[in-house]
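Shown next, in structure tokens, is the structure this report addresses.
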Amino acid sequence: MTTFLQQLFNAVALGGVYALVALGLTLVYGVMRVPNFAHGGLYMLGAYLTYASLTGLGIGYVPALILAAIGVALLAALMERVIFYPLRDAPHVSPMIAAIGVLFFLEAAVQLIWGPDFKQIPAPINGIVEIGGVIVTWQRLIIIAASVVVVVALNYFLKRTLTGATIEAMSQNREGARLVGINTNRVGALTFAISGLLAAAAAALIAPTLLVSPSMGEVMNLKVFAIIILGGMGSVPGAIVGAFLLSFAETFGGAYISLDFADVIGFAMLVLVLAIRPQGLFKRGT
Amino acid sequence: MKGWMWWVAVFALAALVPLFGPSGYVLDIGVNIMIYAILAYGLNVLLGYTGQLPLAHAGFFGIGAYATGILTLKLGWSFWLAWPVAVAISALAGLLLGLVAFRTKGDTFAIFTLGVGVIIMLVINKWDALTGGNDGLNGIMPPAGLEALSKSVGLKLSGGFYYLALISLALTVIAVARARGSVFGRSLIAIRGGDDLARSAGIDVYSHKLRAMMLSTAIAGFAGGLYATYLGFLGSAATGPIQTFTILLYLLVGGLGTLAGPLLGPALMYTLAQNLKGLQDYQYIVFGPLLVLLIMFAPQGIAGLWMRLTARRTPPPAAPPTQKEASRAGS
Amino acid sequence: MLEVRDLSVNYGHFTALHSISLNVNPGEIVVMLGANGAGKSTLFRTLSGLQRASGGSAKWKNTPLTGGTPEYNVAHGVAQCPEGRLLFPDLSVEKNLRLGAFVHRKDTAGTNRELERVYTLFPDLVQKRNAPAGSLSGGQQQMVAIARSLMARPELLLLDEPSLGLAPMVVEQVFAAIQRVNEAGVSVLLAEQNAYAALDIAHRGYVMESGVLTLQGTQQELMTDDRVRSAYLGV
Amino acid sequence: MLEVKNLGIHFGGNHAVQDVTASIEAGKITAIIGPNGAGKSTFFNLISGFYQPTSGSIQFLGQDITRLPTHDVVARGIARTFQTTTIYRELSVLDNAMIGHRVRTRAGLWDALLRTGRERHDEEESRAGGMAALERVGLAAQAGLPAGALTQEGQKRVGIAMALSSDPKLLLLDEPAAGMNPEETVNLMALIRELVVGGLSVVLVEHKMSLVMGLADEILVMHHGQKIAEGTPAQVSRDPAVIEAYLGSHAHGGQMGQATNGDAPAPGAVQLTKESKHA
């Protein structure tokens, strides 16, 4: 039972991080219809910017997280302007391939600047807490709390603010959005910025629990794509549900079936779902 | 000069290379380029001709390579038997993937196949008992008789491998050219223009896509078998998405949907990568932006640019060759 | 007033609009009649800034409508309620309406006032205000679409095929609503296939065939002109 | 030759086509007309096998083709074109036509790789079939040009040639005059007539009434997903139900003699109670 609860905590924390990364990806897909393969690169960069802010600038964990999030957000918006916007009318494989180019560029650039070795980011609060016999690290609690806060904030932004509504409006009807006077170019850039922000925040949150490396974005990339396909591409609730489905499958599959094959289980689930329901679990109407 | 005469000339020149007694290094680059080229030809069948972006390509390369390795090492088969069987296994695996994957289209197809690509790599990486896991497979032998044959004509084994790769490449080019120039191949081009249009033209889109997938993955497995016997050892890294993306880059540079592109791209990019020695680990600092610029400004690659230039220089042709198609998938 | 002078639109080699000139005076409902494919939607898309003109000009008061973007045209008093409605189906009715006032986003009080006004114009929408727009019936969705474009507080409303796919009873309601909108001071340019119903509420009208205006006249003149029928039925 | 019985399809709760029964005669030009959103295109997509109907049946030359996939429908002898000019612009005109002949050939991947006799035979036959189709539409001289280099009208003809080279008995044209200038439309009408004289049957969906009235032998009128009238152009254009569907009725009681508010519903007029969102 304790092991079970232990795993449950791990799964929730992991699911929170997956959700943050996947939400940005699904928003971008909804608004721009671009599967942004560079998204994992933004996540990875977020971890490195956090690391650099901590070690280079010597600032605290929270300011470092914020700085990294802002930096990556700006870069993502730039990417939209310079690459994806010009490619909006190109054949659909073009933006995908361009995004792959960006992913590798980011990876190589990070490796050039910070080297190929693993980096470690110290946890802001060390130690563990015991909750009802279950031992949890503070960092996991921070991850869970922070991801809840960010998801709630994002939800508030999308549902309660007019700017947030423009994002939803554009993903539901692009031309309708133009007709009410929404500048769809600006919304596109904004959505990319938000996706970068979320990815970097997620990276900064999870970084203290793992080793930071230039290739960490690749695996995450594949997982969040699996998540948004599972949830239905462009669907916000789908991304959250998909994130937890994957984290639970990985965590419990890893614990009770085989740790070696934890990653395989996630992708196998994806393949299985798609084989049965090619449109994902939450089909969007557009 | 007619199209096929260029090819004969290129292959004749390439065949002369070992006779001048080049270093093993030069021959090694040649073999690597040819393996990559074969792989790119396979990708081109699906991406360039059929308009589908499969991101599990290196996985099938891995299936061919590992099948060859396992059959020769663990079952003691001769390479000459294991290789064609490995090709068949890759084609069959491609069929299985296609049966499911072609229920999806466009972005979802790409991402779905990417997921499968990762699974293939992970399974190879984790299935220690069969694949050697992280340690990989070691000690795969060169093809039986290749060394003796090479010696008998005064070459080293590396020269023998060079010719083996060259013949394999020639076979691939012939196969792909024939497929493209056929009734079947025309239907693939039709599918590239859009499923609905192809359907209404009376083409059984699903079955054509499946066969294109099998040809594509068979060629990938063919390259994989060659790779296994040439290198002698296998690791799972060469079977993952990174490898797929690398081939994609090579193909784009060379020219998507062209017959020369899958050879030109690897020839140029692999050589370039070798010469950017200091940059080896960071080659994507250059290649990443290059990929972006290519897809934005020259989506037809070198072969496409060449065709556009020559087309402009010559007076308006009365009947341009039918193979001169643009690479864009939209219609 | 709306002044369209020699407006042309080409799609590649195809001429969709051929040197169209027309005007709409303040306070008028002017109907643009014509069969499907005559070029009405192209005209509307051009006036709202979605489609670039190939030649000629269109002005609302002194605002040029052909050079800019939809944002510009909406902000300068010309809103389009498009064919097919183009609502945001998963958003609530009220959110659709609030987004309609996007160009006045700094003026929350004004938007709230406007919201009350459109709810009095379309009382049916009040109880549906929190329902997703996509869940409404076709007629109600059309009401939402018109209301959304009114939220931009336009002086000129471009209404493209508001009766499309609606049952006659509902068409009647929609047209009554258009009349109320007009009485509230909004000029209306209405593209309609449902010629007689549209003429009932219009002051004047034009008939478009294959991208050319072939007929114009007052309500009475067009009502009794057989050429209107032949514009639709070809005989 | 084509018998449609109680055909219907709904997307979600929306009945795009409902309970349509009609028969299309061989050797004639049948036009399907109706106001925007009437379900014409959906009906068209049903008979060409693009959509699977949710009710009813379709028989072609006495055989049931209701749920056949599109390529089988083409093989049985029904070919279609698209509303927008969808052809392969980067391929030659002849290649476009040859693509349409695929359904009459059987050579597959193995034949291609091994250059079998069947491959050579099929290739030869595709070429001949493609050229024959190009001759029918008057493009034989342009066979070698890239299709994208042709005029809009030429590209339309390429689209028709692609359909013709599958050797159809029935040709479905989806808004053939869309995007065409008046003089091009006239040429196109002449072409369609020639094809019918040559023994082909044609069904077309079209908005341009001048084309429909001048060309069609039979007209089938749809409104709100249902058939509301059928007959010759003269009959149909006098039919009150059609006039009402097209021009609407007066919201507050009409002044025009013909289209009064429905005191005397025309025979065949449908009960317009169901709302339909246009598909």
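Residue numbers begin at 1 in each chain, while the letters A, B, ... track the order of the sequences.
Of the inter-residue distances, the one linking Glu175(A) atom CD with Leu86(C) atom CG reads 6.0 Å to the nearest 0.5 angstrom. Taken to the nearest 0.5 Å, the CG atom of Asp90(C) stands 9.5 Å off from the OG atom of Ser235(A).
Contact record, Phe102(C) with Val180(A): CB-O, 3.7 Å, taken as the closest heavy-atom pair. Taking each heavy atom of Leu99(C) and Ala169(A) in turn, the nearest pair found is CD1-CB, 3.6 Å.
No donor-acceptor pair closer than 3.5 Å links the side chain of Lys95(C) to the backbone N or O of Leu162(A).
Residue contact with chain C, scored on non-hydrogen atoms closer than 4.5 Å, is absent for Thr184(A).
Proximity to chain A at a heavy-atom threshold of 4.5 Å picks out Pro70(C), Glu71(C), Val74(C), Gln80(C), Pro82(C) from residues 68-82 of chain C, in numerical order. Using non-hydrogen atoms only and a strict 4.5 Å limit, no part of residues 111-122 of chain C faces chain A.
Other residues, nucleotides and ligands contribute over 12 non-hydrogen atoms within 6.0 Å of the CZ atom of Arg5(C). Heavy atoms of other residues, nucleotides or ligands lying less than 6.0 angstrom from OH of Tyr156(A) number 12 at most. Within a 6.0 Å radius of CZ in Arg186(A), no more than 12 heavy atoms belonging to other residues, nucleotides or ligands are found.
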request  = Please test Leu87(C) against Asn173(A) for side chain to side chain contact (heavy atoms under 4.5 Å, CB included), starting from the C-alpha separation and ending with a verdict.
outcome  = CA-CA 7 Å; Leu87(C) 295 176; Asn173(A) 198 315; over 6 Å; no
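A 4.5 Å side-chain heavy-atom check between Leu50(C) and Leu179(A) finds at least one atom pair inside the cut-off.
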